[in-house]
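Heads up, the thing below is written out as structure tokens.
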Amino acid sequence: MTYRDLLKLELFPTTWCPGCGIGHIMIQLAMAMEELGLNYTNSTVIGGIGCTGRLSSYMKVDGIYTLHGRTLPVAEAVKLVNPDLKVIVVSGDGDLASIGGNHLLHVARRNADITVILNNNEVYGLTGGQAGPTTPQGVATISSPAGVSYAPLNLQTLMKACGKYSYAKTTVYHQVHLRQCIKEAITWPGFAFVDVTSQCIENYGRRLGYNKAYDMMLQYRATYKRAPQGAETLGPGEIGIVRKG
């Protein structure tokens, strides 16, 4: 079996907008699952409402398309019923960190043995481009034409406040690093969170002045650098993995 066997290629091309970053995440997830020997017999992919939630429907594993904001309790329930199953959640920042923020806090606090991959495109993409919990302060969106008033939610700090943690920061530009973060999260014995900066060109990037998704990815290359070896905290613009087991 190869990573292509984990994808429903007959449904391609996907319904995501051209240039969307979710496809990058899906391919790297499939590659990581292939390398770890995961398939429909031993794993499941659970998605939330929104653009990212569609990912599970393109993969040849059992999946659940949950209610908005309720992705994590559903995933935790699946893990409780079948502890041997590798439970992987892929969802957006609005679903996980805003509407589902309370669940994120407490599932992380309970250190549930599930992997969460956050497609962090810094906006509510499916509903037109409203400001979300990770939208940078000062950025103009259709719901904040004068600029977002508040600082974005610091997801790393939130994870570290929950006791045991595995937090990874990466981007869709850094493909090899993205796959490595996913693999290490899946094999981590507890709650593991992968925060992936990803582009939404149609409902976010163009409003920021980008002409195409490629320009946004070049910006990720210029902005994000590997954190020093052994770093316990990732600074602004750093990618890497920080853990406490």
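Computed from a predicted structure; not experimentally measured.
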Grouping I, L, V, M, F, W and Y whenever their side-chain heavy atoms are under 4.5 Å apart, do [X] and [Y] come out in a common cluster?
X: I64; Y: M26; value: no
X: L29; Y: L9; value: yes
X: V61; Y: I186; value: yes
X: I22; Y: M33; value: yes
X: V74; Y: V90; value: no

Quick check against the 3.5 Å criterion: does [X] have a side-chain atom that pairs as donor or acceptor with the backbone of [Y]?
X: S91; Y: L96; value: no
X: S144; Y: G147; value: no
X: N82; Y: K79; value: no
X: R226; Y: G240; value: no
X: T141; Y: S143; value: yes
X: W16; Y: C51; value: yes
X: E35; Y: K183; value: no
X: R54; Y: G50; value: no

Identify the heavy atoms of [X] and [Y] that sit nearest to each other, and give their distance.
X: E202; Y: P18; result: OE2-O, 4.4 Å
X: A112; Y: E76; result: CB-OE2, 3.8 Å
X: Y40; Y: K60; result: CB-O, 3.4 Å
X: A97; Y: L104; result: CA-CD2, 4.4 Å
X: H103; Y: P73; result: CG-CD, 3.6 Å
X: C181; Y: A168; result: SG-CB, 3.9 Å

State, yes or no, whether a side-chain contact exists between [X] and [Y] at a heavy-atom distance under 4.5 Å.
X: I114; Y: L72; answer: yes
X: T233; Y: V242; answer: no
X: R243; Y: K164; answer: no
X: C162; Y: L105; answer: yes
X: Q180; Y: L178; answer: no
X: Y224; Y: T197; answer: yes
X: Q137; Y: S149; answer: no
X: L6; Y: Y58; answer: no

Give, for atom [atom1] of [X] and atom [atom2] of [Y], the distance between the pair rounded to the nearest 0.5 Å.
X: D113; Y: K86; atom1: CG; atom2: NZ; answer: 5.5 Å
X: Y210; Y: M217; atom1: OH; atom2: CE; answer: 12.5 Å
X: F191; Y: T115; atom1: CZ; atom2: OG1; answer: 9.0 Å
X: L155; Y: K160; atom1: CG; atom2: NZ; answer: 13.0 Å
X: S43; Y: D84; atom1: OG; atom2: CG; answer: 12.5 Å
X: I239; Y: T223; atom1: CD1; atom2: OG1; answer: 11.0 Å

Does a donor on one side chain and an acceptor on the other come within less than 3.5 Å for [X] and [Y]?
X: N121; Y: S198; result: no
X: S98; Y: Y124; result: yes
X: T127; Y: Q130; result: yes
X: T71; Y: D95; result: yes

Let's go through L67 and I49 carefully: what are the C-alpha distance in whole Å and the side-chain angles of both, what is the deciding distance for side chain to side chain contact (heavy atoms under 4.5 Å, CB included) to 0.1 Å, and is it a yes or a no? CA-CA 6 Å; L67 295 174; I49 297 298; 5.6 Å; no
Please determine whether side chain to side chain contact (heavy atoms under 4.5 Å, CB included) holds for the pair I27 and L7, giving the CA-CA distance in whole Å, both sets of side-chain angles, and the decisive distance to 0.1 Å. CA-CA 9 Å; I27 296 300; L7 302 173; 3.7 Å; yes
Around atom OH of Y150, are there more than 12 heavy atoms of other residues, nucleotides or ligands at under 6.0 Å?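 No.
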Does a sphere of radius 6.0 Å around CD in E10 hold more than 12 heavy atoms from other residues, nucleotides or ligands, not counting ones at 6.0 Å or beyond?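 Counting other residues, nucleotides and ligands, CD of E10 exceeds 12 neighbours.
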Check the pair Y173, H24 against side chain to side chain contact (heavy atoms under 4.5 Å, CB included), reporting the backbone distance first and the verdict last. CA-CA 9 Å; Y173 174 82; H24 297 285; over 6 Å; no
Salt bridge flag under 4.0 Å for residues [X] and [Y]:
X: R4; Y: E34; value: no
X: K169; Y: E238; value: no
X: K244; Y: E232; value: no

Taking T170 as the fixed residue, which of R179, Q28, Q175, H177 is the one that meets the side chain to side chain donor-acceptor pair (under 3.5 Å) rule?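 Exactly one candidate clears the test, H177.
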I would like to know whether I25 and I117 meet side chain to side chain contact (heavy atoms under 4.5 Å, CB included); could you show each step before the answer? CA-CA 9 Å; I25 296 174; I117 303 171; 3.9 Å; yes
Could you label the plane-to-plane angle of the F193 and Y167 rings as parallel, tilted or perpendicular, counting under 30° as parallel and over 60° as perpendicular?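 Ring orientation of F193 relative to Y167: parallel.
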